[in-house]
Amino acid sequence: MSINATLFVQLVVFLILALFTMKFVWPPIAKALDERAQKIADGLAAADKAKSELTAVNKRVEQELSATRNETASRLADAERRAQAIIEEAKARATEEGNKIVAAARAEAEQQTIAAREALREQVAVLAVKGAEQILRKEVNAGVHADLLNRLKTEL
């Protein structure tokens, strides 16, 4: 065979192979590549969407955390204010109760002082009567001289 015939046969075989490849082999490969490219594009789009959703969720979480921190701080401040009010109220009640106790003690001391004075007056009156009896060497009747003894008590 000559070189021209060989070249011609090889050209024909090549063209048949190229047509067969373009008709039967190339479309499934192109289809598989297109499907793969579509899956990759869908995956990238889903990743971008998930990333944007993650960013939005992170922002929402930060806002919720901030709101929670603010609410917690305000609740703590309210609790602190209530505690101070309770403490002040307890102090006021304790002061009031202490003042009542002091006033009661003063009143009781005043009553005891008055009672002691009365007892002392009675004793002085009795001693005065005894002293007068001894001076006069006779008995002084307390019933008869009650007016005089009462004046003596009031003067003491």
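These figures come from a predicted structure and were not determined experimentally.
Residues passing the ring pair (Phe, Tyr, Trp, His ring centres under 6.0 Å) test with Phe20, sequence neighbours excluded: Phe24. Taking the side-chain hydrogen bond (donor to acceptor under 3.5 Å, both in side chains) definition, one finds that Asp42 meets it with Gln38, sequence neighbours left out.
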What side-chain donor-acceptor pairs closer than 3.5 Å can you find for residues 43-52, not counting sequence neighbours?
unit_1: Ser52; atom_1: OG; unit_2: Asp48; atom_2: O; d: 3.4
unit_1: Ser52; atom_1: OG; unit_2: Lys49; atom_2: O; d: 2.8

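Within a 6.0 Å radius of CD in Glu80, other residues, nucleotides and ligands contribute 12 heavy atoms or fewer.
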Gln10 vs Val13, test: side chain to side chain contact (heavy atoms under 4.5 Å, CB included). Steps then yes/no. CA-CA 5 Å; Gln10 283 182 353; Val13 170; 5.7 Å; no
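The structure places CZ of Arg81 at 13.0 Å from CD1 of Ile86, a figure rounded to the nearest 0.5 Å. Note that the CD1 atom of Ile29 and the CG atom of Asp34 stand 12.0 Å from one another [nearest 0.5 Å]. Separation of atoms CD1 (Ile40) and CG (Leu33) is listed at 9.5 Å; rounding is to 0.5 Å.
Of all heavy-atom pairs between Pro28 and Val25, the closest is CD-O, 3.2 Å.
Every pair passing salt bridge (charged side-chain N to carboxylate O under 4.0 Å, His left out) that includes a residue from residues 62-76 is listed here, sequence neighbours excluded: Glu71-Arg75. Sorted by first and then second residue, the salt bridge (charged side-chain N to carboxylate O under 4.0 Å, His left out) pairs with a member in residues 92-110 read Glu89-Arg93, Glu96-Lys100; sequence neighbours excluded. A ring pair (Phe, Tyr, Trp, His ring centres under 6.0 Å) check over residues 82-109, counting only residues at least two apart or in different chains, returns nothing.
One hydrophobic cluster, built from ILVMFWY side chains closer than 4.5 Å, cannot hold both Val12 and Ile3; they sit in different ones. Cluster membership check: Phe8 shares its hydrophobic cluster with Ile16, using side-chain heavy-atom separations under 4.5 Å among Ile, Leu, Val, Met, Phe, Trp and Tyr.
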